[in-house]
Amino acid sequence: LTVSSDHDSPVPSGPDNWDDTGALITASVTSPADQVGGTRYRCTGWTGTGSAPSSGTGTSATFAITEPSSVRWNWITQFLFTFTQTGVGTDYSGAMVTIDSLAYDRSGASFWWDNNSIHSFSFQSPLVVTTDVKRYTWNSTSGLSTLQADTITVSNPGTFTGNYKTQWYVTFSQTGVGSDFSDTVVTIDGANSDR
């Protein structure tokens, strides 16, 4: 029995194994495997010859060996993606970012995604703490994108950080001006407002 794999330490070990005819063989790997930093490998199954099943999608194959056989383990690369935020206080507990149609709060989220897979995200804004009092608004995104919402094709690990700023609701009002006055009462940031 020849067992080959680019990742993990498959069982049985070694490239060549001699087994008695009729012996029950269970070949297996551990998946995911070989994680280094933000990269790891996920087993997608095997291809076999001889007594081994010709293919499968699991991490183990059991068969009785009756002739020279081989099992080749197949893998796909996965990359780690992390979504975080700055500027959002603990007073906000709702959805902050939507990733592949699922909402996540200010704690963010991390994912292992397959190489060449396609995913989308959107940082929500505004994040309302109290209506007409306080909210957080999206200011920028740093990391692998600078956009508030984007679609990405996975090719390497990375982070996305939604940067928010606090906004306060401010009301300007007046007393004592009657309905017979129709001119400017207050100017706010260069814009005139009547009573």
Go through it in stages, so that I can follow the logic: the residues are Asn163 and Ser140, the test is side chain to side chain donor-acceptor pair (under 3.5 Å), and I'd like the CA-CA distance, side-chain angles, deciding distance and then a yes or no.
CA-CA 5 Å; Asn163 304 297; Ser140 66; 3.1 Å; yes
When rounded to the nearest 0.5 Å, the distance separating CD1 of Ile76 from OG of Ser31 is 11.0 Å
Could you check if a side-chain atom of Thr82 sits within less than 4.5 angstrom of a side-chain atom of Leu80, using non-hydrogen atoms only?
yes
Any donor-acceptor pair under 3.5 Å linking the side-chain atoms of Thr151 with those of Ser120?
no
Phe63 with Val3, same ILVMFWY side-chain cluster at under 4.5 Å
yes
Taking the basic N atoms (NZ, or NE/NH1/NH2) and the acidic carboxylate oxygens, is any pair closer than 4.0 Å for Arg72 and Asp6?
yes
Are Phe79 and Trp113 close enough that their ring centers fall under 6.0 Å?
no
Using the rule that Ile, Leu, Val, Met, Phe, Trp and Tyr join whenever any side-chain heavy atoms are under 4.5 Å apart, tell me whether Val186 and Val170 fall into a single cluster.
yes
Is Val97 close to Ile99 at the side-chain level, that is, under 4.5 Å between some pair of heavy atoms?
yes
Closest non-hydrogen atoms of Gln148 and Gln124, given as atom of the first, atom of the second and distance, are NE2-C, 4.3 Å
Counting distance only, does the side-chain N/O of Thr49 pair as donor-acceptor with the main-chain N or O of Ser70 below 3.5 Å?
yes
Asp150 and Ser145: side chain to side chain donor-acceptor pair (under 3.5 Å), yes or no, with the steps?
CA-CA 7 Å; Asp150 202 357; Ser145 177; 2.9 Å; yes
Test item: Tyr92 and Asp105 side chains (from C-beta on) under 4.5 Å apart, heavy atoms
no
Do Leu127 and Arg135 have side chains that get closer than 4.5 Å, going by heavy atoms?
no
Under 6.0 Å between the ring centres of Phe160 and Phe121?
yes
Between the main-chain N or O of Gly50 and the side-chain N or O of Ser69, is there a donor-acceptor pair closer than 3.5 Å?
no
Restricting to non-hydrogen atoms, name the atom on Leu24 and the atom on Ala64 that form the minimum distance, rounded to 0.1 Å.
CD1-N, 4.1 Å
Are the side chains of Leu1 and Asp16 in contact, using a 4.5 Å heavy-atom criterion?
no
Assess the residue pair Thr98 and Tyr104 against the criterion (side chain to side chain contact (heavy atoms under 4.5 Å, CB included)); give the C-alpha distance rounded to whole Å, side-chain angles, the decisive distance to 0.1 Å, and a yes or no.
CA-CA 6 Å; Thr98 301; Tyr104 297 87; over 6 Å; no
Taken in chain and number order and not counting sequence neighbours, the residues that satisfy side-chain hydrogen bond (donor to acceptor under 3.5 Å, both in side chains) with Asp114 are Arg42, Gln78
Could you check whether any side-chain N or O of Gln174 sits under 3.5 Å from a backbone N or O of Val177, counting only pairs where one atom can act as donor and the other as acceptor?
yes
Tell me whether Leu102 shares a hydrophobic cluster with Val154, the cluster being built from Ile, Leu, Val, Met, Phe, Trp, Tyr side chains joined at under 4.5 Å.
yes
Taking the side chain as every heavy atom from C-beta outward, state whether Thr77 and Thr39 have any atom pair closer than 4.5 Å.
yes
Would you say Thr84 and Thr161 are linked by a side-chain donor-acceptor pair, where the criterion is simply a distance under 3.5 Å?
yes
Would Ser51 and Thr66 count as a side chain to side chain donor-acceptor pair (under 3.5 Å) here? Give the steps.
CA-CA 6 Å; Ser51 300; Thr66 58; 3.1 Å; yes
Examine distances only and state if a side-chain atom of Glu67 and a backbone atom of Ile65 form a donor-acceptor pair shorter than 3.5 Å.
no
Hey, does the side chain of Ser125 reach the backbone of Trp138 with a donor-acceptor pair shorter than 3.5 angstrom?
yes
Residue pair Val29 / Cys43: nearest heavy atoms and the distance that separates them
CG2-SG, 3.8 Å
Point-to-point distance, once rounded to the nearest 0.5 Å, from OG of Ser60 to CD1 of Ile25:
13.0 Å
Could you go through Val128 and Thr130, starting from their C-alpha distance and side-chain angles, then the distance that decides it, and tell me whether this counts as side chain to side chain contact (heavy atoms under 4.5 Å, CB included)?
CA-CA 6 Å; Val128 178; Thr130 307; 5.9 Å; no
Hey, do the aromatic rings of Trp73 and His7 have their centres closer than 6.0 Å?
no
Taking the side chain as C-beta and beyond, is there a heavy-atom pair between Val88 and Tyr164 under 4.5 Å?
yes
Minimal non-hydrogen separation, Phe81 against Ile152, with atom names
CE2-CD1, 4.1 Å
Atom OG1 of Thr137 and atom NZ of Lys165: how far apart are they, to the nearest 0.5 Å?
5.0 Å
Is it true that Tyr136 and Asp91 share a donor-acceptor pair across their side chains at a distance under 3.5 Å?
yes
Thr26 and Thr62: side chain donor to acceptor below 3.5 Å
yes
Could you tell me whether the side chains of Ser5 and Trp46 share a donor-acceptor contact shorter than 3.5 Å?
no
List the steps and the verdict of side chain to side chain contact (heavy atoms under 4.5 Å, CB included) for Thr166 and Lys134.
CA-CA 7 Å; Thr166 304; Lys134 181 182 180 182; 3.7 Å; yes
Just wondering, do Asp8 and Trp75 contact through their side chains at under 4.5 Å, heavy atoms?
yes
With side chain to side chain contact (heavy atoms under 4.5 Å, CB included) as the criterion, how do Phe172 and Ile188 come out once you've worked through the C-alpha distance, each side chain's angles and the decisive distance to 0.1 Å?
CA-CA 9 Å; Phe172 294 84; Ile188 304 166; 3.4 Å; yes
